[in-house]
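In what follows, residues are counted from 1 in the order of the sequence shown. Indexing begins at 1, ligand by ligand and atom by atom, following the structure's order.
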Amino acid sequence: MKPGPPCRNGPSHVAIIMDGNGRWAQARGRPRLYGHNAGARRVREIVETCPELGVKYLTVFAFSTENWKRTQTEVAGLMSLFRRYITREARVLRDQGVRVRFIGDRLRLDKKLVTLMDELEEITANNDLLHLTVALNYGSRDEVARATQRLARDVAAGRLNPDDVNEETLPKYLDTYVLPDPDLVIRTSGEARISNFLLWQSAYAEYEFVDTLWPDFNRDLFARVVRAYGRRERRFGAVTA
Ligand code: FPP
């Protein structure tokens with residue numbers, strides 16, 4: 001993949017809540033996993049489009065801490081899809097110049113899946129064209145709770161002075177500590193909710209809620225949303241002259 005001319009004032013970091021796989025499958029009289037499989041194919045297409053649009057960071061919400069409440073069949077199917085996706089895409093992503101990272105709590109995930117995640121992070125560690133972050137067993141509240149635990153341990157051990165806890169030091173304990181904050185958060189499927197996704201990090205992000213179901217969200221729609229962002233004025237709480 002080659003970087004294209006960046007879209008003017010385009011977002012550097014786009015985060016996506018990929019919603020609507022179930023409804024997409026249901027509309028075709030198929031099981032929900034059929035929709036998740038179609039959704040996974042779109043992930044590849046959107047990944048390939050990012051460098052053309054000047055998007056350097058892409059973060060996708062693949063499985064939330066709340067998604068364990070789904071049926072055992074769906075959860076097991078999704079976990080097997082993640083294993084297959086990583087196995088199948090690993091070399092492609094590496095050769096395309098994509099650096100992959102995972103955020104979320106790995107403790108509840110199957111060991112075999114975690115090994116695949118670690119390996120993919122390792123083999124793509126020197127890439128820099130696109131930074132793809134996959135949120136897997138991720139929830140913002142869970143992330144903040146885990147971060148606070150680590151922070152409290154550092155304070156208890158004398159490594160951190162409580163007076164030094166501020167807006168700069170706290171994010172260093174989050175899963176996203178190496179990433180810039182998202183500029184644009186997109187949610188597909190017509191739902192206007194954040195669902196516990198990057199709450200701290202998206203404090204000043206622009207949001208775009210699109211009606212299209214995730215398996216239908218193609219590169220043209222993505223490009224349109226990214227270009228529309230370039231026309232917005234971001235003020236970060238200030239006023240423009
Ligand atoms: C939400 O749709 C989607 C998910 C919970 C899973 C997201 C997973 C993928 C797109 C597949 C693979 C991703 C990667 C990174 C390999 P939903 O099931 O909530 O849809 P609904 O709201 O219509 O029921």
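- Between Asn21 and ligand 1, at least one pair of N/O atoms sits closer than 3.5 Å.
- Scanning the protein heavy atoms around atom 12 (C) of ligand 1, the nearest turns out to be Ala40 CB, 3.7 Å.
- At the shortest separation from atom 20 (O) of ligand 1 among protein heavy atoms lies Gly22 N, 3.0 Å.
- Under a cutoff of 6.0 Å and an axis angle of 45°, Arg70 and Trp68 do not form a cation-pi pair.
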(message) Does Arg23 form a salt bridge (Lys or Arg N to Asp or Glu O under 4.0 Å) with Glu191? I'd like the steps, not just the answer.
(response) CA-CA 12 Å; Arg23 276 164 283 168; Glu191 310 283 348; 3.2 Å; yes

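- The shortest side-chain heavy-atom distance between Leu160 and Val165 falls under the 4.5 Å cut-off.
- Looking only at atom types and distance, the side chain of His36 has a donor-acceptor partner in the side chain of Glu74 under 3.5 Å away.
- The atoms of ligand 1 that sit less than 4.0 Å from any heavy atom of Arg23 are 21 (P), 22 (O), 23 (O).
- Scanning the protein heavy atoms around atom 19 (O) of ligand 1, the nearest turns out to be Arg70 NH2, 2.8 Å.
- Side chains of Asp183 and Tyr57: a donor-acceptor N/O pair is absent below 3.5 angstrom, by distance only.
- Contact annotation: the side chain of Tyr138 approaches that of Leu198 to within less than 4.5 Å [non-hydrogen atoms, C-beta and beyond].
- Ranking the protein heavy atoms by distance from atom 7 (C) of ligand 1 puts Ala62 O, 3.4 Å first.
- In Asn37, neither the side chain nor the backbone holds a heavy atom less than 4.0 Å from any atom of ligand 1.
- Any N or O atom pair closer than 3.5 Å counts here, and Tyr85 shares no such pair with ligand 1.
- Residue Trp214 approaches ligand 1 through these ligand atoms, each under 4.0 Å from one of its heavy atoms: 10 (C).
- With contacts defined as side-chain heavy-atom distances shorter than 4.5 Å, the pair Ser189/Phe209 does not qualify.
- Residue contact check: Asn67 has heavy atoms under 4.0 Å from atoms 5 (C) of ligand 1.
- Closest protein heavy atom to atom 11 (C) of ligand 1: His36 O, 3.5 Å.
- Side chains of Ser64 and Asn67: a donor-acceptor N/O pair is present below 3.5 angstrom, by distance only.
- For atom 24 (O) of ligand 1, the nearest non-hydrogen atom of the protein is Arg32 NH2, 2.9 Å.
- The protein heavy atom nearest to atom 3 (C) of ligand 1 is Met18 O, 3.1 Å.
- Under a hydrophobic-cluster definition in which Ile, Leu, Val, Met, Phe, Trp and Tyr are linked whenever side-chain heavy atoms come within less than 4.5 Å, directly or via other members, Phe102 and Ile16 are assigned to the same cluster.
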